[in-house]
Visitor: 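Sending over a structure as C-alpha cells; questions will come in a sec.
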Amino acid sequence: MSERFRSLLFAALVVAMAGVLTVLIVTNPSQVDRVTAIGERIKCPVCQGESIANSPAPMARDMMALVAERVEAGQSDQEIIDELLASYSGAVLLDPPASGATLVLWVAPVVAVVLGAVVIWYWRTRPPTSDLDGSSGAGTRPRRLVPLLVLGVAFAGTVVAAVLFIQEDNGPASGVAALGDQDLEDVSNETMEAVIAANADHPEVDGMRLALAERYFEAGDFSSAFPHYLAVAESEDAAQGQVVTALIRLGTMAWEGNGEVETAIGLFDQALAVDPESTTARYLKGQVLWCGAGEIEAAEALFAEVAADPDLGDQPRAVVEDDLAAVRAGESCV
C-alpha cells in the first residue's frame, strides 16, 4: 500500500467520521413522549446541570407542568421551548439546535476535523524538505508540526465561538413580562422568588414582588414578606398604588408583628404623603393611635374622616363606625 493511498484512506475515514458525528448531533432519535423530551432539553434554572425533566425542584415541576399544558394545547416544541426560555431566567437549552446563532457550535468542530484532515493529507503527500533541497532530515520537524498547529488554531477558534455564544445566550433575560401574562396563582413561591432575584432591576418586577409579598403576608410569614414590601416601597419604578400598599403593609407588620408604635405611625404617614386620600392608611393609623399610643382624640378624628368618605363600602363603613362609637364611648381597644 503506497503512502499516497494510505493518506487518502486516512482523510476519507476522518471525513466519514465527521459526517456521522454531524448526523448524530443534529438528529434526535429519542422516542419518548413530547413532554419528557422537551423537559430533557431544558436546564433547570436552580439546579446543577439537571434538566427540568429530571429535577425534583419546585421550579422544575412548575416548568414541566407548563410544558404539559402547552403540549395539550397543541403548541409546537419550539413554541414551548421559546416560552420557557423567555419566562424563566436562567433556563437554557441543554442541546442548542443546529440553526441560527448556534450553527457555529455545530459546524466549527466538523470544519476543524475536516481542515485538519486536509492539511495532514496535503503535507503527508508532499516530498520532504530534505528531498527538495538536499538538506538534513531536521528540516522535516517544522513540517510535522504544521498539522498540529492548524488543528490547534481550529480548536481554539471553536472554543472562542462557543464562549461567545454562551455569553450571548445566557445574558440577563427577563421572565417577568412572560410570567405576568400567566395567572400567578399557578406559579409557586419558589419560581417567583427565582424570577425576582434574576430580574431585580427590571422595571416590571414590582408587581410580582407585591403579589409574592401579599402571599407571605396572608400566610402570616412577615419575615419573608418584609424585604419584598420594602423593595417596592423604595422602588423608583413602582406605581403610586403599589408604593402605598407596600408602606401600609410595612406599617401593619411593624405594629402587629413587633408592637412598634412610632415606626408603624411613621409608615402610615409616608403612605398618606404619597396618597392623602388613602382611607386604609388613615384608619390603620387611627387604630395604632388608639390601641398603641393612647391618643384617643387623634384616633377619633381619623375614624370620623374615614367614616365620612362617600366611597367607603358598606362592610368597611360598619367596622369604622363601630370603632368610632367605641372611641367616643371611652371603651378600650380590643
Visitor: Is there side-chain contact between Arg34 and Ile80, with heavy atoms separated by less than 4.5 Å?
Guide: yes

Visitor: Relative to the ring of Trp290, is the ring of Phe303 parallel (under 30°), tilted (30 to 60°) or perpendicular (over 60°)?
Guide: perpendicular

Visitor: Report yes or no: does Glu72 contribute a side-chain atom to a donor-acceptor pair with the main-chain N or O of Glu69 at less than 3.5 Å?
Guide: no

Visitor: Is it the case that the side chains of Asn189 and Glu193 hold a donor-acceptor pair, with the cut-off being a distance below 3.5 Å and no angle test?
Guide: no

Visitor: Please confirm whether the backbone N or O of Ala65 pairs with a side-chain atom of Arg70, one donor and one acceptor, at under 3.5 Å?
Guide: no

Visitor: Side chains of Phe222 and Phe217: does their closest heavy-atom pair fall under 4.5 Å?
Guide: yes

Visitor: Within the 4.5 Å heavy-atom criterion, are Ile248 and Ser278 side-chain neighbours or not?
Guide: yes

Visitor: Between the side chain of Ser235 and the main-chain N/O of Ala231, is any donor-acceptor distance below 3.5 Å?
Guide: no

Visitor: Do Glu305 and Asp309 come within less than 4.5 Å of each other through their side chains, counting heavy atoms only?
Guide: no

Visitor: Could you tell me which non-hydrogen atom of Met253 sits nearest to which non-hydrogen atom of Ala225, and how far apart they are?
Guide: SD-CB, 4.2 Å

Visitor: Do Trp255 and Leu284 come within less than 4.5 Å of each other through their side chains, counting heavy atoms only?
Guide: no

Visitor: For a quick test of your reading: what N or O donor-acceptor pairs under 3.5 Å do the side chains of residues 319-326 make, sequence neighbours left out?
Guide:
unit_1	atom_1	unit_2	atom_2	d
Asp323	OD2	Tyr283	OH	2.3
Asp323	OD2	Gln287	NE2	2.7

Visitor: Using modelled atom types and a 3.5 Å cut-off, is there a donor and acceptor pairing between side-chain atoms of Asp275 and backbone atoms of Glu277?
Guide: yes

Visitor: Just by distance, do the side chain of Arg209 and the backbone of His228 share a donor-acceptor pair under 3.5 Å?
Guide: no

Visitor: Can a donor-acceptor pair be found, under 3.5 Å and without considering hydrogens, that links the side chain of Asn199 to the backbone of Val195?
Guide: yes

Visitor: If you measure only the distance, is there a donor-acceptor pair under 3.5 Å linking the side chains of Ser224 and Asp221?
Guide: yes

Visitor: Heavy-atom distance under 4.5 Å between the side chains of Met192 and Arg215, does that happen here?
Guide: yes

Visitor: Nearest heavy-atom pair of Leu312 and Ala307: which atoms, and what distance?
Guide: CD2-CA, 4.5 Å

Visitor: Looking at Ser188, is its backbone amide N or carbonyl O close enough to the side chain of Asp62 to form a donor-acceptor pair, meaning the two atoms are under 3.5 Å apart?
Guide: yes

